[in-house]
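Input: a single structure, listed below in structure tokens.
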Amino acid sequence: MDNFKELFESRYTWIEGYMRNVRRYSRKLAIIDPESNKKWTYAEFNDDVNRLTNSLVSIGIGKKDVVMLDLLNCPEFAFAYVATQKIHAVCCPVSYRLSAGELADNIEDSRPKVIIFDSANEKTVLEAIDISGHKPERLIVTNGKSNGEVISYKDFVKDASTAEYYDPASGYNIYDETTRLYTSGTTGRAKGVSMTSINEVLSAHDVMIHFPMSYRDVTMNTTPWFHRGGLHCAGPGPALYAGATMVVMSHFDALKTLQYVWQFKITFIIGVPTVLEALADEQERQAYDLQTLKGIVTMGSPLERSACIRYQRVLTPNIYNGYGTTETFWNTFLRPFDLPENAGTAGASCVDDDVRVVKVYEDHRAEPDELIPTDSNEVGEVIICSPAKSPYLYFNNEEETEKKYYKGFIYTNDLATWDENQFITIVGRKDDMIISSGENIYPTEIEAVLNVHPKVKDCIVTSVPDKIRGQVVTAYIVKNDDSLTPEELDDFCKKSPDIANFKRPRFYRFIPQIPFNATGKKLHVKIKETAAKDLKNGLLYRV
């Protein structure tokens with residue numbers, strides 16, 4: 001048994017799986033980058049990985065050192081993801097949408113020795129470094145020129161050797177930290193989620209089980225790789241581990257997505273529900289041949305039944321939807337055979353996960369076995385046990401670790417009901433819940449009703465203060481038809497059998513687009529702040 005333990009812990013790593021593919025799929029395409037019109041076989045891709053690997057080693061980067069990536073999806077991102085694992089370093093992708101102050105928090109927390117960034121973000125990166133007070137040893141810009149402060153990626157690797165650096169005898173271990181992601185921070189300061197090599201392997205296995213994905217697939221993320229759903233759902237993590245081919249998309253474009261499916265024979269697309277909506281609109285105009293698609297995988301928010309039926313008709317019958325967290329990847333899943341019957345739910349637990357809905361108390365958290373009834377009525381908190389995909393800690397943050405994790409479960413703060421088959425329906429978050437005249441109201445249930453109206457393209461629901469009721473429901477609407485009025489929506493809600501009268505919105509405002517975070521989740525925290533200001537400034541329409 002000691003021999004098994006030693007071999008398992010030293011060789012069942014993500015980097016070993018990747019190297020197997022370099023050996024056996026050397027002439028197979030690993031990455032296609034349409035923007036630069038370049039393609040890499042696994043052998044060619046590994047040569048470029050080694051150029052970066054040896055360049056990092058030459059400046060002293062090694063075990064546990066952090067290499068931060070402030071990049072859009074691009075080949076250099078994928079090179080760095082693999083290169084850091086070869087040298088026992090930590091790859092730390094961060095959102096390229098951060099402000100200088102937000103990025104400074106991440107820099108101060110992780111103290112990277114190297115930052116690789118896109119030239120469009122150079123000003124933000126330099127300002128963030130000044131704010132944080134931490135000076136990385138090397139700043140590398142991927143598509144810019146070298147100057148006194150930064151070196152171009154091309155110059156950094158131009159004289160580097162392609163000699164193989166990977167050496168399994170050098171002490172790789174499944175428990176080594178390989179990747180550090182930061183939560184989106186919609187409810188406060190972002191937290192660093194440290195992932196180990198075994199988390200990477202088993203996250204890849206989850207994708208390979210649930211799609212399923214294999215070396216025969218061609219995948220494309222329309223979402224950023226800097227978050228868990230991008231990196232580990234058909235991104236570099238599972239794709240390179242499975243031996244699949246990735247098509248790189250830096251910015252989502254509906255028309256290009258459809259063109260790439262036809263041109264590169266893509267089998268899986270990954271995107272948030274808003275991406276599917278845009279794809280369906282474009283496909284109805286263009287009618288591209290999408291026969292190679294095995295599926296479109298979405299996450300971040302539920303799929304409503306009417307939207308799901310449309311996507312299955314217009315795009316592909318094979319629609320998937322996952323629910324989870326940055327800390328745990330996805331943990332419930334809807335497959336094509338679950339839809340459209342279970343559309344609107346988050347699905348049921350994945351094979352290796354234990355997802356429960358427990359009671360909610362005002363003064364303490366429930367024990368993991370204090371389950372609410374599976375009656376689709378009572379609301380509780382979603383908790384997740386995911387030992388395969390979660391590190392069960394936050395980097396450099398014991399306080400948040402203790403607050404979030406308890407007895408092997410992560411307490412998500414998401415509120416939900418579940419049915420007799422344990423299909424979970426998310427109704428909101430604890431901090432999004434509206435209490436009006438003593439009644440609990442969940443924004444998602446109102447949004448689901450409003451989105452059924454044919455003149456509504458999308459909506460987000462929040463509340464504003466009210467002297468009599470405490471809070472009143474307020475809806476922000478993106479029109480699908482310019483003739484839509486608040487009175488029409490109010491009448492629709494009054495007549496709907498799916499919403500009690502006390503839950504209908506009392507205030508409306510029409511807006512051009514809904515605020516989303518990078519993972520496709522509606523920013524209820526942000527819209528609540530906006531609503532308070534709009535009420536004060538007289539911008540809300542009362543019905």
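The chain is numbered in sequence order, starting from 1. Only a predicted model underlies this, so the values are computations on that prediction, with no experimental measurement involved.
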Flag, side chain of D481 to backbone of S483, donor-acceptor distance under 3.5 Å: yes

Go through the structure and list residues passing salt bridge (Lys or Arg N to Asp or Glu O under 4.0 Å) with D491, not counting sequence neighbours. K495

Report, as yes or no, whether the 6.0 Å neighbourhood of atom CG on N37 holds more than 12 heavy atoms from other residues, nucleotides or ligands. no

CA sep, side-chain torsions, deciding dist, call: V379, I372, side chain to side chain contact (heavy atoms under 4.5 Å, CB included): CA-CA 7 Å; V379 174; I372 65 168; 5.8 Å; no

Applying side-chain hydrogen bond (donor to acceptor under 3.5 Å, both in side chains) to S306 and E304, what does each step give before you reach the verdict? CA-CA 6 Å; S306 59; E304 294 168 358; 5.0 Å; no

Looking just at side-chain N and O atoms, do T142 and E76 make a donor-acceptor pair shorter than 3.5 Å? no

Nearest atoms (heavy-atom pairs only) where L484 meets F510: O-CZ, 3.7 Å

Worked verdict on E529 versus V525 for side chain to side chain contact (heavy atoms under 4.5 Å, CB included): CA-CA 7 Å; E529 295 173 354; V525 170; 4.2 Å; yes

In terms of heavy-atom contacts, does OH of Y215 have more than 12 from other residues, nucleotides or ligands at under 6.0 Å? no

Does any part of the side chain of E447, heavy atoms only, come nearer than 4.5 Å to the side chain of H524, both counted from C-beta? yes

Contact summary for A244 and S214, nearest pair of heavy atoms: CB-O, 3.6 Å

Might you point out which heavy atoms bring P34 and F264 nearest each other, and give the distance in Å? CG-CE1, 3.7 Å

Determine whether L98 and T124 make a side-chain contact, defined as any pair of heavy atoms from C-beta on separated by less than 4.5 Å. no

Specify the closest pair of heavy atoms between Y311 and E277, including all atoms of both residues, with the distance to one decimal. OH-OE1, 2.6 Å

Should the ring pair H210 and W330 be called parallel, tilted or perpendicular, given that the plane angle runs from 0 to 90° and is split at 30 and 60? perpendicular

Test ring pair (Phe, Tyr, Trp, His ring centres under 6.0 Å), reference Y81, set Y18, W14, W225, output is W14

Taking the inter-plane angle between the rings of F268 and F211 on a 0 to 90° scale, is it parallel (under 30°), tilted (30 to 60°) or perpendicular (over 60°)? tilted

Does the side chain to side chain contact (heavy atoms under 4.5 Å, CB included) test come out yes or no for V247 and Q263, once each step is laid out? CA-CA 11 Å; V247 178; Q263 182 178 356; over 6 Å; no

What is the minimum heavy-atom distance between Q471 and M433, and which atoms define it? OE1-O, 4.2 Å

